[in-house]
Visitor: 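Starting off with a structure, shown below.
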There are 2 protein chains.
Amino acid sequence: MNSKTEDVQLNDRPARSLDAFDRKILGALTEDARLTYAEIGQAVGLSAPAVHERVKRLKAAGALIGTAARIDATSVGKPFLAFVHVDADGWGKSQRMMKLKAFPEVEEIHSVAGDTCVVLKVRTANAQAMEQFLSQLYVLPGVRGTRSFVVLSTYLERPVQAGITTNWPLIPLPPE
Amino acid sequence: MNSKTEDVQLNDRPARSLDAFDRKILGALTEDARLTYAEIGQAVGLSAPAVHERVKRLKAAGALIGTAARIDATSVGKPFLAFVHVDADGWGKSQRMMKLKAFPEVEEIHSVAGDTCVVLKVRTANAQAMEQFLSQLYVLPGVRGTRSFVVLSTYLERPVQAGITTNWPLIPLPPE
DNA sequence: CGTGAAATAGCAACGTG
DNA sequence: CACGTTGCTATTTCACG
């Protein structure tokens, strides 16, 4: 039932036109991905089969990538979190950093500011494991240096919110 | 059915002793949170009710925080991602940054290096919305300045992996 | 870990705008 | 003609033995 092409998303079209129902459904699934279609329908004002069809459409359109368990990192032995900024030259904007996907410690890979800098989110068992990971980074060609930001405590960590973008202002600007 | 205390995690105990079955179950749910207990059991070599009971245990122990849909940010109109580093003084390590949870744009809040610096993961509709968000940041007391890292492309973004921590070395170190 | 009752998912046909 | 609703059947969930 799992697609082998889960890594690649060929979204030819931006998959536009999510109406209010779609957003509510996505919002509900964001809070609990195991909600019943009947429960979702009851929450958004639709019948269960209607919700089911919309979920299929959202999946096919690429708006719904999938569902995942949210796991407490400490419980699985990875309490050490850090954001690693990687300076690299001639980093061919592509294939090379994909090797980092092989490390289960690496949760995020973003290129920042003209594919010369990369931001990594890395979660390890302890500082020593983080150090070993960093040493592995330097064997990649083009890596000039790294700067790590060790997380002391996490106050918020949640998935992408489907809700409408906030219409500011919420707080009045200071009078200067 | 949703707990009002989802924000607070009082894990008195590290909820130790996850055996191989627990980790496999968590791994399966990480790939697809809507898997059937029977499917999970078939994958890990357990019966459906056994999986069901273990999932309940993992949830009660705090190892399984919940399940969530993975949503394509572009499809919901938030293609602009940035990591914002906030410099603050006397930032009372706690309550004040919780106000940022009110912004749906803010997905992560981490304190880094002695609660004088905070790392934010912020997702907005466009650069203008990001600018407006940053202007709101400065109305908070104690905020000295911010440095933003705008993401150009995301190569990897996945939930916490339940798998065993990698036993290095995977790549031989250079001979110096 | 099996068993059984209650609930759910998924599909087909039908009705409505 | 697209989309939502209803009714039905196989599957799943979940407490119990």
Side-chain angles (χ1 to χ4, degrees), chain A residues 1-6 11-72 75 159 162-164, chain B residues 1-6 15 17-72 75-77 162:
Chain A
M1 190 171 287
N2 286 327
S3 164
K4 278 295 184 184
T5 60
E6 64 181 30
N11 288 341
D12 295 335
R13 45 175 166 71
R16 198 165 291 60
S17 76
L18 297 196
D19 63 7
F21 283 135
D22 291 324
R23 273 189 291 266
K24 283 183 183 177
I25 292 172
L26 289 177
L29 285 175
T30 299
E31 293 176 4
D32 186 353
R34 291 195 72 104
L35 279 176
T36 292
Y37 292 131
E39 290 175 308
I40 300 172
Q42 177 175 341
V44 308
L46 241 50
S47 90
V51 173
H52 182 251
E53 189 185 337
R54 275 174 181 267
V55 168
K56 278 196 300 186
R57 276 183 42 212
L58 289 169
K59 227 180 304 185
L64 213 196
I65 300 171
T67 58
R70 299 180 53 184
I71 296 176
D72 176 59
S75 298
I164 311 261
Chain B
M1 190 171 286
N2 286 328
S3 168
K4 278 294 181 183
T5 60
E6 62 181 31
S17 76
L18 298 196
D19 62 7
F21 283 135
D22 291 324
R23 272 189 290 267
K24 283 183 182 177
I25 291 172
L26 289 177
L29 286 175
T30 299
E31 293 176 4
D32 185 355
R34 291 195 72 103
L35 280 175
T36 291
Y37 293 132
E39 291 174 306
I40 301 172
Q42 177 174 342
V44 307
L46 241 47
S47 92
V51 173
H52 181 249
E53 189 185 336
R54 277 174 181 267
V55 168
K56 277 197 301 186
R57 273 186 43 218
L58 290 169
K59 226 180 305 184
L64 214 197
I65 299 171
T67 58
R70 299 180 53 184
I71 296 176
D72 177 58
S75 298
V76 293

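A, B, ... follow the sequence lines: proteins, then strands. Residue 1 opens every chain.
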Visitor: Can you tell me which residue pairs pass the side chain to side chain donor-acceptor pair (under 3.5 Å) test with a partner in residues 59-68 of chain B, sequence neighbours excluded?
Guide: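 Listed by first then second residue: Asp32(A)-Thr67(B).
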
Visitor: Does anything in residues 46-56 of chain B come within less than 4.0 Å of DNA chain C? Heavy atoms only, and list the residues if so.
Guide: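 By residue number: Leu46(B), Ser47(B), Pro49(B), Ala50(B).
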
Visitor: More 5' along DNA chain D: Arg34(A) or Gly45(A), using each one's nearest nucleotide?
Guide: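 Here Gly45(A) is the residue nearer the 5' end.
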
Visitor: Listing request: all ring pair (Phe, Tyr, Trp, His ring centres under 6.0 Å) pairs with a residue in residues 28-48 of chain A, at least two apart in sequence or in separate chains.
Guide: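 Of all non-adjacent pairs touching residues 28-48 of chain A, those that pass ring pair (Phe, Tyr, Trp, His ring centres under 6.0 Å) are Tyr37(A)-His52(A).
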
Visitor: Go through the structure and list residues passing side chain to side chain contact (heavy atoms under 4.5 Å, CB included) with Ala38(A), not counting sequence neighbours.
Guide: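 With sequence neighbours excluded, Ala38(A) shows a side chain to side chain contact (heavy atoms under 4.5 Å, CB included) to Thr36(A), Ala48(A), given in chain and number order.
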
Visitor: Please give, in whole Å, the distance from dG4(D) C1' to Arg57(A) CZ?
Guide: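 Roughly 12 Å, once rounded to whole Å.
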
Visitor: Quick one: Glu39(A) CD to dA9(C) C1', roughly how many Å, whole number?
Guide: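 Taking CD of Glu39(A) and C1' of dA9(C), I get 13 Å after rounding.
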
Visitor: Report the residues that fulfil side chain to side chain donor-acceptor pair (under 3.5 Å) with Ser47(A), sequence neighbours left out, ordered by chain and then residue number.
Guide: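 With sequence neighbours excluded, Ser47(A) shows a side chain to side chain donor-acceptor pair (under 3.5 Å) to no residue whatsoever.
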
Visitor: Measure the distance from CG on Leu35(A) to C1' on dT13(D) and round it to the nearest whole Å.
Guide: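 Rounded to whole Å, this separation is 15 Å.
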
Visitor: In whole angstrom, what separates Tyr37(A)'s OH from dA7(C)'s P?
Guide: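 Taking atom P of dA7(C) as the reference, OH of Tyr37(A) is at 20 Å.
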
Visitor: For residues 43-55 of chain B, pull every pair meeting salt bridge (Lys or Arg N to Asp or Glu O under 4.0 Å), keeping only residues two or more places apart or in separate chains.
Guide: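 Checked against salt bridge (Lys or Arg N to Asp or Glu O under 4.0 Å) - neighbours excluded - the pairs reaching residues 43-55 of chain B are Asp19(B)-Arg54(B), Asp22(B)-Arg54(B).
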
Visitor: To the nearest angstrom, how far is Ile40(B) atom CD1 from dC1(C) atom P?
Guide: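 Checked: the CD1 to P distance equals 14 Å.
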
Visitor: Rounded to the nearest angstrom, tell me the gap between atom NZ in Lys24(A) and atom C1' in dG4(D).
Guide: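 Going from Lys24(A) (NZ) to dG4(D) (C1'), I get 16 Å.
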
Visitor: Looking at Ala69(A) and Ala33(B), what are the two nearest heavy atoms and their distance?
Guide: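 Ala69(A) and Ala33(B) have their closest heavy atoms at N-CB, 4.0 Å.
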
